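Below you'll find the structure, written out as structure tokens, and then a few comments.
The model shown is predicted, which means the values in this text are computed figures rather than measured ones.
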Amino acid sequence: MQHPTSDDIQRVREFLLDLQARICSRLEQQEQLGGGSATFVIDDWERPEGGGGRSRVLQNGDVIEKGGVMFSHINISQLPASATARHPQIAGAKAQALGVSLVIHPKNPNIPTSHANVRLFVAQPEGHDPIWWFGGGFDLTPFYPNDQDVQHWHQTAFDLCQPFGDGVYAEHKQWCDDYFYLKHRDEQRGVGGLFFDDLNAWDFDTCFAYMQAVGNGYLDAILPIFERNRDKPYTPAQRDFQLYRRGRYVEYNLVYDRGTLFGLQTGGRIESILVSLPNLAAWTYRPEWDQDSAEKKLTDYYLKPQDWLGLL
């Protein structure tokens, strides 16, 4: 197996920083097109154990209520349980992890919340070759979805997977459906997308190329959805429903998300770890909606795993 060199890791780092900058720039354009002027504030930070990151956060915009696009490249002296449960051979090893992770919470309930993450992990067990893998994906959490947006999201995912094999989309879509599932609610977090982890079955350059395709694919997937929904009107009742559904997002990130657990167990920077949480959310007690309402259709249809492209 080809092992990443320091030059390889530097190539990944440069791509990630460029990806972060491009995503922020294009999302700021959406803010401006919607009449807003909020921008991503840059916050560079260092970690006592080694490494650091660049956080970019936009808050209280007219289009984006809160968005965090976070780059980190950290050194770890002893790997935590969240990393070694699936890889016992690296327990206690030194490691480094670098990646970009983002969550965008739009203000308009007609625009879905979106999440993307791409990362590289390299562990160095003493006396052994490095153990490495890529991970990431993107997923969509709508409040008032429509078929056009959901199908576009999955078509973008399908198209970027095709050069890497006919079965990649189906495998990573299924992984996404399985991963973004709230067991205690018995429902999906959203309409899915792609999720992958522990990717090292191909050579390093091919794995890196796939990670790049996924990272770049996020903008291809989300920008047309912003364009179609950014200026749609909405009611106070729809806003209340959005805040209620955001509560589910908070539950998932605090209870199940591996990235959150990894950050907490490695003594990560808490502001960066919890930036994925919206500024506003709600937990209404046992709300009810009409059987034929859009709110009921969300949970009864859209939040069920579907073959959105008719391909599987």
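A distance-only check finds no donor-acceptor pair linking the side chain of E187 to the backbone of T299 [under 3.5 Å]. For E31 (side chain) and I64 (main-chain N/O), a donor-acceptor pair under 3.5 Å exists by modelled atom type. Without hydrogens or angle criteria, N108 side chain to N110 main chain gives a donor-acceptor distance under 3.5 Å. Side chain of T235 to main chain of Q238: a donor-acceptor pair is present (N/O by atom type, distance under 3.5 Å, no hydrogens or angles). Judged purely by atom type and a 3.5 angstrom limit, Q30 has no side-chain atom pairing as donor or acceptor with the backbone of V63. A side-chain donor-acceptor contact under 3.5 Å links Q306 to the backbone of Y301. At least one donor-acceptor pair under 3.5 Å links the side chain of T156 to the backbone N or O of H152. Side-chain atoms of Q59 never come within 3.5 Å of backbone atoms of E65 as a donor-acceptor pair (strictly under, hydrogens ignored). Checking side-chain atoms of S25 against main-chain N and O of R22 turns up no donor-acceptor pair under 3.5 Å. The main-chain N or O of D292 is never found under 3.5 Å from a side-chain atom of K297 such that the two would form a donor-acceptor pair.
Taking the six-membered ring for Trp and the full ring otherwise, F196 and Y210 have centroids separated by under 6.0 Å. Remark: aromatic rings of Y256 and H184 are close, center separation under 6.0 Å.
The shortest distance between side-chain heavy atoms of L298 and L303 falls below 4.5 Å. Side-chain atoms of Y218 and L19, non-hydrogen and from C-beta on, never get closer than 4.5 Å to each other. Side-chain contact check for F208 versus D8: every heavy-atom pair is 4.5 Å or farther apart. Counting heavy atoms from C-beta outward, F158 and Q162 have side chains that approach closer than 4.5 Å.
Nearest heavy-atom pair across Y249 and R189 is OH-NH2, 3.3 Å. The shortest heavy-atom contact between R13 and F71 is NH1-CZ, 3.7 Å. In terms of heavy atoms, P142 sits closest to G190 at CD-CA, 4.4 Å.
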Steps toward side chain to side chain donor-acceptor pair (under 3.5 Å) verdict (S276, N253): CA-CA 8 Å; S276 65; N253 278 22; 2.8 Å; yes
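Taking the centre and axis of the six-membered ring of F134, the NZ or CZ atom of R119 falls outside the cone set by 45° and 6.0 Å.
Using a 4.0 Å cut-off between charged side-chain N and carboxylate O, R269 and D43 make a salt bridge.
For E227, the CD atom counts as densely surrounded, since its 6.0 Å shell holds more than 12 non-hydrogen atoms of other residues, nucleotides or ligands.
Residues passing the ring-ring contact (aromatic ring centres under 6.0 Å, His included) test with H115 are F180, sequence neighbours excluded.
If you check the side chains of Y234 and N229, you find no donor sitting under 3.5 Å from an acceptor.
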